[in-house]
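A, B, ... follow the sequence lines: proteins, then strands. Residue 1 opens every chain.
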2 protein chains.
Amino acid sequence: MSKRILISDIAKSLGVSVTTISFILNGKAKEKRISDALTNRVLEYVKKVGYKPNQLAQSLRTGQTKILGLLVEDISNLFFANIAKHIEESSYASGYHLLYCSMGNDTVKAKELIQLFYDRQVDGFIITPTEGLEDVVALLLKNNVPVVLFDRYIPQVETNYVVSDNFNGAFRATKHLLENKDNRRIGFVSLYSDQTQMRDRMDGYMKALDQYQRQAYIKKIQIDEQEDIAMAQIFEFIEDNKLDAVLFATNYLAITGLKVNKKYGKLPAMVAFDDHTLFKLHEPAISVVSQRIETIAEELVKVLLRQIRNPQADVKHIVVPCDLKIRDSSTAKIK
Amino acid sequence: MSKRILISDIAKSLGVSVTTISFILNGKAKEKRISDALTNRVLEYVKKVGYKPNQLAQSLRTGQTKILGLLVEDISNLFFANIAKHIEESSYASGYHLLYCSMGNDTVKAKELIQLFYDRQVDGFIITPTEGLEDVVALLLKNNVPVVLFDRYIPQVETNYVVSDNFNGAFRATKHLLENKDNRRIGFVSLYSDQTQMRDRMDGYMKALDQYQRQAYIKKIQIDEQEDIAMAQIFEFIEDNKLDAVLFATNYLAITGLKVNKKYGKLPAMVAFDDHTLFKLHEPAISVVSQRIETIAEELVKVLLRQIRNPQADVKHIVVPCDLKIRDSSTAKIK
DNA sequence: CATTTTTGCTAAAAGGTTTTAATAGTGGTC
DNA sequence: GACCACTATTAAAACCTTTTAGCAAAAATG
């Protein structure tokens, strides 16, 4: 760690030019016809003194930072936290580091951060596109910056994305609820949101209902709603429609649903989207449509690096299957 | 965003030298006696064309990257995820970005990452020092790299840290359990770990017991233990000692404890360390010693930036109080 | 043996800033 | 009018790499 040693120091010590050393260190010895003898001598010396090139100088010259920008909606959400962990692991394995940020629902901050990360010349972006980010993502693409979206995508912007098969996840969950003859009236609790994952989950729910020729009951909650208001709304929704079962579109909504249960002592059969420690332990345990977090993370890094290495590469759309985990909440009524 | 504009472009357009512009942009106009007229002309033009200095070149020259390295033990742990979120917000507010990583219990990876972040010339480090990191942290300090530790500290290394008042948290939690006359035998479930937060929590537990002149029952679990084995151990610990109440040293252990409850249908009164969504919803709701995550995050960034701005600054040790949140699990026996 | 090709290596430019040291001009002092 | 101090600005060095373009010597070619 001590005092930084420079490539020119090595050149001086070894009596060779800086260029030669640079070539050797960048694996161009053969190509540049540096003799094996010299190559080895340099390599050994470099190892001995523990020289490491200055990343900043390197990046300045090459334009590559070996840093990826990770922008997630909310890192304190277990789904994103887990994915972030695996993204970091995958990137690390490929020699990339992560400049990270949690955007919340602050579009202004999100745009600013994308701009700032762009200014820092990150080599690529991994983004959960929250609403209002369409144009800035489009701008990135126009500037040929490698981007991969996840959790949801932007239909009008043709770029890489990795998402779960939300449609089939919701479809199978709803069908599972429908298979129980007692569940006559099945509701769907979602968010006011145009995002694709929400739309797909709703479509999956609808298709299952259509197959069984049942009526749909859909309640959307404001994204930033106070929790107690959301609780009241969910309670009302269930009561008024005498619902037998509910599919919750996100784990956060499902947790709010459970709080309704705790407060009003009433909740129908249910399935939640995204797994959570809580769901396994809850009495009864909550059935879920779980996403393959590790796979998603790996694909994200893979797709992004592919694009970085080959800017001409064609756009990839990857859809990862969901897993329906059936627990007690959908087989026996809650309380 | 389009084509990058350089400081030299501006110089040419305005017919002034690059130096002058650099001085003005870095707020040294007065000091360097640049006339107000020119200063304004430059500032306006810069704004008009939207020039932004190339961060890499800037960093290369100044040695400052405006990037902090954040190394947490496990980002998929809600406690760390929440803290990471607030650290990011605080840093962002001060114009710093975060290079992030989740270390797990992989000491080799952790050391390598610290080295890599150091090579990238991050301006400072925020670290949860997992075991085996003592020497590398000491090395950072020897190299005058600003560092602040959190969650726990390294006693033999004199550096900044921000931790919760684990001792008093555990002390008050234990005392709270002791105040209930039914709780004769109170146990403590912790990890095999020399880390300070664990030691302090145990000491707090001990002191409360001493005050009441009660026997201590302490069970330590291996950090990487399989969950089912840990469950069996906890079950045995409670059964064999006929415990009336248990204080769990981490939220993860407490969750394992709850799983014991679910499986064996038996668990005494309890208090957990660190809050979790799960605990509020559990039936009965779990009492906790909760940490002031937002305060900790803010202090971390504050202390680190202080050190970065003034390398001579004296070392800060900040201890943030914990909050005892009494819920049902410690007032009525579970089940 | 004169010419071309290949081998093995290097000087210098480029990447885009900040900062040091210097310069030309102006006004004041004795 | 010689000297000094101050004002307003700038040329060039520095930060540390990578890469382009090129050179001298050795080997190959006819």
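When the nucleotides C/dT18, D/dT18, D/dT19 are ranked by their closest atom to the side chain of A/Lys28, D/dT19 comes out on top. Here the side chain of B/Arg33 is nearest to one of D/dT7, D/dT19, C/dT17, namely D/dT7. The side chain of A/Ala57 lies closest to D/dT17 when the candidates are D/dT17, D/dT9, C/dG16. Looking at the side chain of B/Leu60, the nearest of the listed nucleotides D/dT19, D/dC15, C/dT19 is D/dC15.
Taking 4.5 Å as the limit, every side-chain heavy atom of A/Leu139 sits out of range of all side-chain heavy atoms of A/Tyr118.
Contact annotation for A/Leu38: backbone-only contact, meaning every heavy-atom pair under 4.0 Å involves sugar-phosphate atoms and none involves a base. Contact annotation for B/Val16: backbone-only contact, meaning every heavy-atom pair under 4.0 Å involves sugar-phosphate atoms and none involves a base. B/Thr20 comes within contact range of at least one nucleobase, with a heavy-atom separation under 4.0 Å.
Remark: the backbone N or O of A/Lys28 is not paired with any side-chain donor or acceptor of A/Asn26 at under 3.5 angstrom.
With rounding to whole Å, A/Gln55 atom CD is found 14 Å from D/dT18 atom C1'. Note: NZ (B/Lys30) to P (D/dT7) measures 13 Å, nearest angstrom. Rounding to whole angstrom units, CZ of residue B/Phe23 and C1' of C/dA22 are separated by 12 Å.
Interface remark: the B/Arg61 side chain does form a donor-acceptor pair with the C/dT18 base, using a distance-only criterion of under 3.5 Å. The base of D/dT19 sits within donor-acceptor range of the side chain of A/Thr19, with an N or O pair under 3.5 Å.
For B/Gly15 and A/Ile21, each mapped to the nucleotide of DNA chain D holding its nearest heavy atom, the one lying further toward the 5' end belongs to B/Gly15.
Of the N and O atoms on the side chains of B/Ser102 and A/Glu88, not one donor lies less than 3.5 Å from an acceptor on the other residue.
The aromatic rings of A/Phe80 and A/Phe150 sit perpendicular to each other, their planes meeting at more than 60°, with 30° as the lower class boundary. Between A/Tyr100 and B/Tyr100, the angle of the ring planes lies from 30° to 60°, which puts this pair in the tilted group.
The side chain of A/Ser22 places no N or O atom within less than 4.0 Å of a non-bridging phosphate oxygen (OP1 or OP2) of D/dT17. Residue A/Asn54 places none of its side-chain N or O atoms closer than 4.0 Å to OP1 or OP2 of D/dC15. Regarding contacts with the backbone of C/dT10, every side-chain N or O of A/Lys32 stays at 4.0 angstrom or more from both OP1 and OP2. Between A/Tyr51 and D/dC16 there is no side-chain N or O to OP1 or OP2 distance below 4.0 Å. Phosphate contact (OP1/OP2 of C/dT17, side-chain N/O of B/Thr62, threshold under 4.0 Å): absent.
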